[in-house]
Amino acid sequence: MTGPASTDLVALTRRTYDLARAGDWDALLDMYRPDIVWDMSPAGLGIYEGPAAIRAFFEEWTGSYEEYEIVPEEILDLGGGVVFVAVVQNGRPAGSSGRVQLRYGSVVVWVDGGASRITNYTDVDEARAAAERLAESTGS
């Protein structure tokens, strides 16, 4: 998507993080295409395909926290349906008084109004570079 629709991708992406923060997995997964791929392989955590597998991952991940928050620091529409997101997760693991914070980068590919692939990188700069290469390869 380009032009006026490109701002929609930023809004759509922000909405996915709002839904994740609320734990509204049904509404979040409705924003994903049926063939969605959630790629955690750059972080060493595998690849999840389809809404059921992704939902199980989300529930397990957030279920290990008594307090959990996910906030996009930056969302950039790079063209060609490619969006880069710098993300911060904060939480208090179950049974702990300590808090943990994770900052990472995501590359979201939108196709026909639905997220089709989300790749997560532990290195934000690596994610940004991957997103820029992907957007460039789409001819945007």
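Owing to the predicted nature of the structure, the values given are computational and were not obtained by experimental measurement. Any value given below was found using the heavy atoms of this structure, including those in side chains, with hydrogens, waters and symmetry copies removed.
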Can you check whether [X] reaches [Y] side chain to side chain, under 4.5 Å on heavy atoms?
X	Y	result
W61	I70	no
D8	W110	no
R55	W38	no
T13	V10	no
V82	F84	no
D24	D26	yes

Nearest 0.5 Å, please: how far is [atom2] in [Y] from [atom1] in [X]?
X	Y	atom1	atom2	value
S41	Y121	OG	OH	7.5 Å
Y68	N90	OH	CG	9.5 Å
L28	D18	CG	CG	10.5 Å
Q89	L102	CD	CG	5.0 Å

Nearest atoms (heavy-atom pairs only) where [X] meets [Y]:
X	Y	result
A43	T122	CB-CG2, 3.7 Å
I118	A115	CD1-CB, 4.3 Å
A127	S106	CB-N, 4.1 Å
G80	T138	CA-OG1, 3.5 Å
G79	A135	O-CB, 3.7 Å
P93	G98	CD-O, 3.4 Å

Side-chain donor or acceptor of [X] paired with backbone N/O of [Y] under 3.5 Å:
X	Y	answer
R92	S97	no
E69	R21	no
S116	V109	yes

Tell me whether [X] shares a hydrophobic cluster with [Y], the cluster being built from Ile, Leu, Val, Met, Phe, Trp, Tyr side chains joined at under 4.5 Å.
X	Y	result
V108	I47	no
V37	Y104	no
V71	Y65	no
V100	V87	yes
L45	V85	yes

- Item | Name of the residue among Y32, F57, F58 meeting ring pair (Phe, Tyr, Trp, His ring centres under 6.0 Å) with W25 |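 Between W25 and the candidates, ring pair (Phe, Tyr, Trp, His ring centres under 6.0 Å) is satisfied uniquely by F58.
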- Would the number of heavy atoms belonging to other residues, nucleotides or ligands and lying under 6.0 Å from CD of E60 be above 12?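 Counting neighbours around CD of E60, 12 or fewer heavy atoms of other residues, nucleotides or ligands fall under 6.0 Å, so no.
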- Message: Counting only heavy atoms from other residues, nucleotides and ligands, does the tally under 6.0 Å from CZ of R14 exceed 12?
- Response: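 Count not over threshold, so no.
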